[in-house]
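Nothing fancy with the numbering, it's 1 onward along the sequence. Each ligand, and each atom within it, is numbered from 1 in the order the structure gives.
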Amino acid sequence: MNDNLFVALRNAFPVDLDTTAIETADGPGAPRHYTWRDLDRASAMMANLLASLDLPPASRVAVQVDKSVEALMLYLAVLRSGHVFLPLNTAYQAGEVEYFIGNAEPAVFVCTPGQFAKLSTIAFKAGTGHVFTLGDTIDGSLLERAAAHSDQHTPVHRHADDLAAILYTSGTTGRSKGAMLSHGNLLSNALTLKAYWGWRSAADGGDVLIHALPIFHVHGLFVASHGALLNGSRMIWFNRFDAKATIARLQDATVFMGVPTLYTRMLADASLNPASAAGMRLFISGSAPLLKETHDAWRERTGHTILERYGMSETTMITSNPYFAAGGERVGGTVGFALPGIQVRIRDEKGDPMRAGEIGGIEVKGPNVFKGYWRMPEKTAEEFTTDLFFKTGDVGKIDETGRVTIVGRSKDLIISGGYNVYPAEVEGYLNEWPGVAESAVIGVPHPDFGEAVVAVLVAKPGVSLEPQAAVEALKGQIANFKVPKRVLVVADLPRNAMGKVQKNVLRDTHRHLFSR
Ligand code: MLC
Ligand code: AMP
């Protein structure tokens with residue numbers, strides 16, 4: 001049997017391949033209608049292009065391009081050709097991309113035409129053999145070269161344990177780690193969510209998904225895209241999220257997935273009302289905590305109860321509030337129950353079990369859990385318990401009924417608008433800035449991004465620091481979402497008796513920085 005994830009997705013395409021699979025809502029020539037046949041043919045042509053390069057099996061194909069349907073086709077092509085997809089956030093700057101390419105050693109790199117000069121030099125220097133471009137106006141060498149290839153392609157044979165994708169997630173210390181996900185990891189999670197969220201096949205009225213998330217992370221690439229593809233459901237496709245435009249399309253859709261910022265931005269728009277959301281079946285939120293007030297405001301305004309779920313790059317989805325009434329209520333402020341086939345438990349710092357309702361580290365085991373960090377066996381070993389549960393770094397509790405609530409994180413992590421920022425990485429750059437004696441980067445409540453990155457700096461004696469200059473300098477070095485929204489200069493940082501910076505004190509002191 002061929003366990004290639006693409007085979008399962010392809011088998012779910014509707015019988016009539018000439019119906020619309022994806023309708024674009026923005027971007028060049030919108031609305032453009034891509035049929036299921038288009039997805040099949042274009043991904044076959046790209047897969048044949050990859051095959052013509054004679055790459056070793058399971059080569060990494062690194063991709064840093066703007067969101068487009070063609071970029072999704074490229075993902076499908078990499079799956080069907082048996083290689084490993086490595087998506088990179090378009091916000092990453094050249095220095096960050098250089099690290100990923102050096103670490104993952106991709107055989108192929110695909111970037112935007114505008115970045116080709118800069119990034120191809122980096123890639124070729126690192127030993128990457130092939131660099132293609134893919135632009136947001138359906139242009140670039142990838143499509144030109146693929147056009148010369150056959151639109152017939154037999155998916156390469158893969159086992160469930162073979163790698164399908166590597167997703168880089170930042171490390172609490174040091175550089176990012178590549179989480180290795182297999183075909184089996186991704187397919188098992190997609191099948192579980194298909195059943196748990198009651199995806200409706202065409203025979204059942206059919207679902208239509210509004211896809212408005214980026215496709216270089218778990219949420220948009222796997223949860224959303226796999227959900228629709230594995231159900232043969234049409235997608236209304238936004239390359240960029242726009243609150244008003246999304247609300248205007250809710251009447252044509254049944255399912256929406258977003259990070260909390262997408263919900264707060266839609267709530268801020270007066271056009272959101274019960275009528276605009278009347279035909280919707282399901283609103284799903286995840287990637288960051290959804291405030292209870294957002295959950296309640298959404299229900300009040302639209303009549304729909306958002307279903308919150310919890311996941312991460314290393315595990316894809318772990319828990320979910322129920323969709324079907326028989327599974328219980330959807331409770332705001334909780335992330336629901338362990339998904340079928342997945343075990344979730346709470347442990348204290350010594351690894352001892354906790355009782356119902358007690359707070360501790362969240363650990364997970366199941367077919368969804370990744371194969372380890374790319375070329376980091378020691379780091380991988382550290383993150384697993386002896387009985388092979390993965391330590392998520394999230395802190396929470398499970399009540400008597402099995403419902404999970406996340407209360408915080410043991411990892412020093414900020415989640416801003418659904419993107420992860422590791423303070424240690426930003427501090428590393430700030431500490432290099434002339435005149436900075438030390439720095440502490442914290443997450444502070446923010447009305448739009450949930451949490452905002454804030455830097456607290458101490459100047460070297462006799463130096464007067466210019467906060468805005470530090471921000472400008474960072475902008476060229478690291479992704480924009482990691483750049484502090486505010487830089488504060490203080491005389492000293494609060495420390496405990498051991499001399500460790502008390503970030504909780506800083507967070508508390510500055511918690512109203514962005515209050516409306
Ligand atoms: C953009 N900016 C951000 C930001 N996004 N700053 C902090 N946090 C963010 N998330 C910057 C911009 O570069 C810009 O900087 C300024 O903030 C304002 O930009 P904007 O135009 O308002 O932003 P926009 O382009 O609209 O993007 C906001 C967003 C986007 C919320 C739509 O961030 C987004 O798509 N987030 C979703 C992330 C996601 O998919 N996460 C899933 C991870 S998977 P300047 O300097 O130019 O003003 C995962 C696992 C799981 O976590 O469980 O799902
Ligand atoms: P990432 O590594 O980008 O995949 O981010 C995963 C992290 O996002 C998790 O470890 C959690 O800290 C956080 N996360 C995801 N979903 C939720 C949620 N529903 N509530 C709170 N935090 C979440």
- [ ] Nearest heavy atom to atom 12 (C) of ligand 1 wins, so pick from Asn480, Ile415, Leu262.
- [x] Asn480
Task: From CZ (Arg486) to CG (Leu488), nearest 0.5 Å - done: 7.0 Å
Open item on the list: Quick check: Gly417 and ligand 1, any N/O pair under 3.5 Å apart?
Closed with: yes
Open item on the list: Quick test of your reading of the structure: of Phe481, Phe241, Tyr419, whose heavy atom lies closest to atom 30 (C) of ligand 1?
Closed with: Tyr419
Open item on the list: Would Gly418 count as a polar contact of ligand 1, with the cut-off being nitrogen or oxygen pairs under 3.5 Å?
Closed with: yes
Task: Which residues share a salt bridge (Lys or Arg N to Asp or Glu O under 4.0 Å) with Asp348, sequence neighbours left out - done: none
Open item on the list: What I want to know is whether Asn420 and ligand 1 share at least one N or O pair that is separated by under 3.5 angstrom.
Closed with: no
Task: Arg240 to ligand 1, any heavy atom closer than 4.0 Å - done: yes
- [ ] Provide the number and element of each atom of ligand 1 under 4.0 Å from a heavy atom of Lys475.
- [x] 46 (O)
TODO: Please name all residues satisfying side chain to side chain donor-acceptor pair (under 3.5 Å) with Thr386, sequence neighbours left out, ordered by chain then number.
DONE: none
- [ ] With a 4.0 angstrom cut-off on heavy atoms, strictly below it, pick out the residues next to ligand 2 and order them by chain and number.
- [x] Ser287, Ala288, Pro289, Glu308, Arg309, Tyr310, Gly311, Met312, Ser313, Val335, Asp394, Ile406, Arg409, Lys411, Ile415, Asn420
TODO: Identify which one of Tyr373, Phe389, Phe370 satisfies the ring pair (Phe, Tyr, Trp, His ring centres under 6.0 Å) criterion when paired with Phe384.
DONE: Phe370
Task: Partner set under side chain to side chain donor-acceptor pair (under 3.5 Å) for Asp352, not counting sequence neighbours - done: none
Task: Exercise: identify the closest heavy-atom pair between Gly327 and Phe337 - done: O-CE1, 3.8 Å
- [ ] Return yes or no for this condition: an N or O of Arg309 is under 3.5 Å from an N or O of ligand 1.
- [x] yes
Open item on the list: Check this for me - ligand 1, Lys485, N or O atoms closer than 3.5 angstrom, yes or no?
Closed with: yes
